[in-house]
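Indexing begins at 1, ligand by ligand and atom by atom, following the structure's order.
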Amino acid sequence: MNSSTKTETLALKGGRPVREKLLPYGRQSVDEDDVWAVAEVLKSDWLTTGPKVAEFEEAFAERVGARYAVSVSSGTAALHAAAFAAGLSEGDEAIVPPMTFCATVNCVLYQGATPVFADVTEDTLNLDPGQVAAKVTSRTKAIFTVDYAGHPSALEELREIASAKGTLLIEDACHALGAEYKGKRVGSLADMTVFSFHPVKHITTGEGGMVTTDDGRLAETLRRFRNHGISSEARQRQESGQWFYEMAFLGFNYRLPDIACALGLSQLGKLEANLARRREIAVRYDRELRDLPLILPVVRDGMRSAWHLYPIRLRLESLPARRGEIFGALRAENIGVNVHYIPVHQHPYYRKKFPAYEGTLPIAENAYEELISLPMFHCMTDDDVADVIHALHKVLNHYEEEKSGEHSRASTGRRAE
Ligand SMILES: Cc1ncc(COP(=O)(O)O)c(C=O)c1O
């Protein structure tokens with residue numbers, strides 16, 4: 001307990017906030033090199049699919065240790081493309097975790113297939129292989145696993161289940177660029193791995209996404225899917241003096257333009273530094289929050305998290321307030337906390353479509369009541385990190401004292417009776 005914060009009045013109750021201005025939970029950092037990289041493309045012949053697409057894809061594939069990388073316009077488009085390439089369609093099932101952004105599950109519905117929710121494990125909040133094994137059927141075409149907060153999924157166990165059942169393993173690594181599983185890089189381990197370049201992620205292209213795979217046929221399908229189902233690209237046709245093209249299947253325009261790929265290439269050069277900074281922040285949070293009534297994120301042996309998020313869980317039994325009030329108190333201190341996630345099956349759309357899941361995924365449902373994501377982004381300063389730590393001590397000490405006051409009033413009251 002940090003005694004210096006003991007007597008501070010919460011901003012929620014009229015005290016002075018820890019910060020003058022809101023610290024967001026995540027944000028991009030774009031420097032002069034990035035701006036120049038984009039400006040060069042703006043002056044070139046190709047704004048959309050030009051040379052920067054292949055350059056970014058090759059550099060990305062090399063960084064994650066995959067044979068192929070296919071860029072698309074968002075992480076959501078990457079999930080949709082992966083669901084299509086996996087052959088998901090009506091009558092098929094795909095296993096999905098509830099503790100994720102809704103896009104992971106929506107992509108199954110885009111293909112007309114049925115998502116089957118399996119619960120997560122208590123420590124990492126990643127898909128529980130035991131639950132997956134219990135839910136796989138002859139209709140299961142794919143298992144979607146999510147590397148929640150940046151911690152790799154139980155990939156060996158999931159791969160074993162997927163191989164035994166002849167289904168594909170698709171890893172939603174939108175949180176996990178740069179994460180490692182037993183010394184191997186996320187992006188090289190599942191049949192297809194999906195990334196996002198949204199501004200709060202480890203590198204950004206504004207909007208953008210990537211699918212990596214070692215399978216040449218899947219890569220070719222992904223490339224066509226992002227381009228209307230057409231086999232060649234306009235630049236290839238121009239270079240070879242051809243006009244002829246054919247649409248082989250129904251695809252989309254999910255292309256990531258050269259402008260964005262130039263930004264992605266420039267950002268990729270900073271990935272190591274970004275990861276190092278996130279890891280440094282996580283170490284400091286671990287060290288300076290450990291005495292509070294919290295469950296801090298766990299990193300299993302042999303894993304390296306990419307720390308997209310730093311989700312804490314409140315020990316509500318030690319606090320007289322619920323998550324909503326503590327969240328509000330931290331926001332009042334101008335700490336831009338967030339919550340990841342409302343379990344997908346509990347969103348109104350999913351409740352209506354699949355009402356039977358309510359109450360059947362207790363680990364995700366209970367975790368949701370306790371979760372708060374702290375600010376975590378690579379350009380946070382040491383002072384920003386100190387403010388988050390200060391605000392947590394201030395707020396949680398306040399509520400702990402309130403709880404112990406309640407206890408002593410209750411026991412004094414009992415003695416007087
Ligand atoms: C786990 C997960 N999957 C998918 C997505 C979708 O990515 P995008 O926003 O790039 O479409 C996100 C985005 O936040 C995500 O966190």
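- S231 pairs by the side-chain contact (heavy atoms from CB on, under 4.5 Å) definition with R224, not counting sequence neighbours.
- Under the 4.0 Å criterion applied to side-chain N and carboxylate O atoms, D387 and R19 are assigned as salt-bridge partners.
- With respect to E333 and R16, no salt bridge is recorded, no charged nitrogen being found less than 4.0 Å from a carboxylate O.
- Under the side-chain hydrogen bond (donor to acceptor under 3.5 Å, both in side chains) criterion, S373 pairs with H340, not counting sequence neighbours.
- Ion pairing of D215 with R67 is absent here, as no side-chain N (NZ or NE/NH1/NH2) approaches a carboxylate O to less than 4.0 Å.
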What are the atom names and distances for all N or O pairs under 3.5 Å between ligand 1 and the protein?
residue	atom	partner	partner atom	Å
ligand 1	3 (N)	D172	OD1	3.4
ligand 1	3 (N)	D172	OD2	2.7
ligand 1	10 (O)	G75	N	2.8
ligand 1	10 (O)	S196	OG	2.7
ligand 1	11 (O)	G75	N	3.3
ligand 1	11 (O)	T76	N	2.9
ligand 1	11 (O)	T76	OG1	2.5
ligand 1	14 (O)	K201	NZ	2.7
ligand 1	16 (O)	H175	NE2	2.9
ligand 1	16 (O)	Y341	OH	3.1

If you look only at distance, which donor and acceptor atoms sit under 3.5 Å apart when one is on a side chain in residues 323-330 and the other is two or more places apart or in another chain?
residue	atom	partner	partner atom	Å
R323	NH1	Y368	O	2.5
R323	NH1	L371	O	2.9
R323	NH2	Y368	O	3.1
E325	OE2	Y399	OH	3.0

